[in-house]
There are 2 protein chains.
Amino acid sequence: MGKRVTILDVAAEAGVSRQTVTRAMNDMADISVSTRQRVLDAADRLGYRPSRFARNLVTRQKTNALGLVVSSFRNPYYTDIAADMLSGAAERGWQLLLAASDGDEGSDALNKLSAQVDVVVGHFQAPEADLGEACRGLPVVNLEFVSTVPGFHSVHVDLESGILEAVGALRERGAHRFGMVDAGYSRRTFGAYEPTPRREWFERAVGDQLTGVVVADEDNISGGGQAFAELLRRHPDTDAVLMFNDLMALGAVRSAHALGVDVPGSVRIVGVDGLSLGEAVDPQLTTISIDREGIASNTLDIAEILAKADFARIEPIHRTVRTQLLWRASA
Amino acid sequence: MGKRVTILDVAAEAGVSRQTVTRAMNDMADISVSTRQRVLDAADRLGYRPSRFARNLVTRQKTNALGLVVSSFRNPYYTDIAADMLSGAAERGWQLLLAASDGDEGSDALNKLSAQVDVVVGHFQAPEADLGEACRGLPVVNLEFVSTVPGFHSVHVDLESGILEAVGALRERGAHRFGMVDAGYSRRTFGAYEPTPRREWFERAVGDQLTGVVVADEDNISGGGQAFAELLRRHPDTDAVLMFNDLMALGAVRSAHALGVDVPGSVRIVGVDGLSLGEAVDPQLTTISIDREGIASNTLDIAEILAKADFARIEPIHRTVRTQLLWRASA
DNA sequence: TCACGGGCCGTGAAGGTTCACGGTAGAGAC
DNA sequence: GTCTCTACCGTGAACCTTCACGGCCCGTGA
């Protein structure tokens, strides 16, 4: 209801011209004190607020905006990335818009987001076609998978070698019966569970020394704890477990404590992510640390390259971030 | 360098009119397949991308945007609020923009943010005048303090009674020598340390049973741990400690473990926030839980009221959120 | 032959603001 | 009395896209 109140309405109300209203609103020169006050009063009376679109259109602000889409903001891993992205974006004069893909209306949110930003970055599992549809041809930086389609850039984490390294270190310490707790989020996207790449890399790394894999119901602390307990119940001889991520690994540590299982004495636990929270528990969590800051800075680099190229369709840019084995106490 | 490439450039390149370009770009009817392809090619060649400002200006999208300013995205408390805010915003069709105030260029970031949003919400310590300056008359929802200036709304947490309740519960369990670890973030804003309201409320609640207060250097786990250790060193007889927030309380639990201090046997530890992380440590953290979801929904309520009122200067709206004592194992 | 309709495309206007420039009035200088 | 200067204010244009509408051409049916 109600048309928008424009600068012309204010001008009429105050008995002046558009330009004078502009001068009053933006604290410019060439206006008398009394007139400014009169205009300001009129604006206040009418509830006038300049249209940010019209203003940005004419001032041609070079503030670019970046849309960040993550699956969940309950996981410190993603919020860490967001935090790094945010501080980097502020330095470079970029704006950060947020959207979560764990909600029901993921696609709709993406549609609205894409109308407001210059680049879309995030962890996407959807195929490029759907994504391109939703983003209307905007450049996309994928933080999960590498794609070769033009307009789809990526920052990729080399977890495969990280997992290999971790398994090697576990073997050095005598572990030889490996288990894993995998995430089941693929169910949401594909309808049925599909093994994550992490699981495939892990299974390849441990070979025939695998005792079993349990898929967690929920991607959080308690989900990880339950799955860990289930894994030990099914395969009591397991002596080393890779948890899909640190959040679940935290649950595993807690679960082990509740079950009276010695960590790392009888079972070694390794997480993935490198959250600082891992230091808060006892024993402190051993983890395959992902360089989240590197992800953020690489992403912003790509965004800036795209901005320099006027967001034209340029060759896909791919960056890789390495992992680091953070050997703490739980393994 | 380089002017922006507009729809007219594409039209010229393809030998058609603006409208035809629009039809091609937006998958509209009334255009032949060959023409569409020709236009798309031309757009691709020139690197054309529609101006989101011009588009939003004319389509008059009713997608309002909310700018969230928090002090740090390293603290789960704030990211929880952001998460709740985000899911609520998605439901209501709002857009969420982020800015952090812990960086150096806080004011500049706020300036740029305010050019893109309809409402600014956040934890502000700056006086209203500066804030109004930076926000250019945008409505502000303060999540920390209550203000009576028009245009400044608030969602306020009634921590005072929460602290009173917690102290009472501690007394019931025999505690009578109270200590506290306060946050020193006020140093950054005001130049020197100023006691936080939490400290004042706590001191009022414990009266002459106060052993001492230590101000933490950093608002994080290790900062809390250090301050806690320092508190015990100075006042070894302390039997109950209120930590400024849960993050610091996590550090206190860890620190106590390292010092060989029994929790809650010899010292009871209480945090503030109600983070789910508190369940991950042993003993699980007792805490004064803040209803972050309530904060988010109340904030969005206010934002919607403002949007309905066309963001006119209406009477300040104030909401209050109560706390809940979450008695777990550390106290 | 004419009327009609559908497929394809172009023109004027609108959307709300700011920029660049031009104009007026009054004060002071000569 | 004329000129200049300053303080204040208004008008046309620009920013870039979409909407509403109108025009053209060709095929079909009567």
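Any value given below was found using the heavy atoms of this structure, including those in side chains, with hydrogens, waters and symmetry copies removed.
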At less than 4.0 Å, is any side-chain N or O atom of [X] found next to OP1 or OP2 of [N]? Yes or no.
X	N	result
B/S51	D/dC16	no
B/N56	D/dT17	no
A/S32	D/dC9	yes
B/T20	C/dG10	yes

Minimum-distance nucleotide to [X] side chain [options: [options]]:
X	options	result
B/D30	D/dG10, C/dT17, C/dC8	C/dC8
A/V58	D/dT17, C/dC9, D/dA14	D/dA14
B/V16	C/dG10, D/dT17, C/dG16	C/dG10
A/R18	D/dG12, C/dC9, C/dA20	D/dG12
A/P50	D/dT18, C/dC19, C/dT17	C/dT17

Using a cut-off of under 3.5 Å, enumerate the N/O to N/O pairs linking the protein to nucleotides 22-27 of chain C.
none

| Closer to the 5' end of DNA chain D via nearest nucleotide, is it B/T22 or A/G15? | A/G15
| said: Counting the benzene-type ring for Trp, do B/F145 and B/H156 have ring centres under 6.0 Å apart? | reply: no
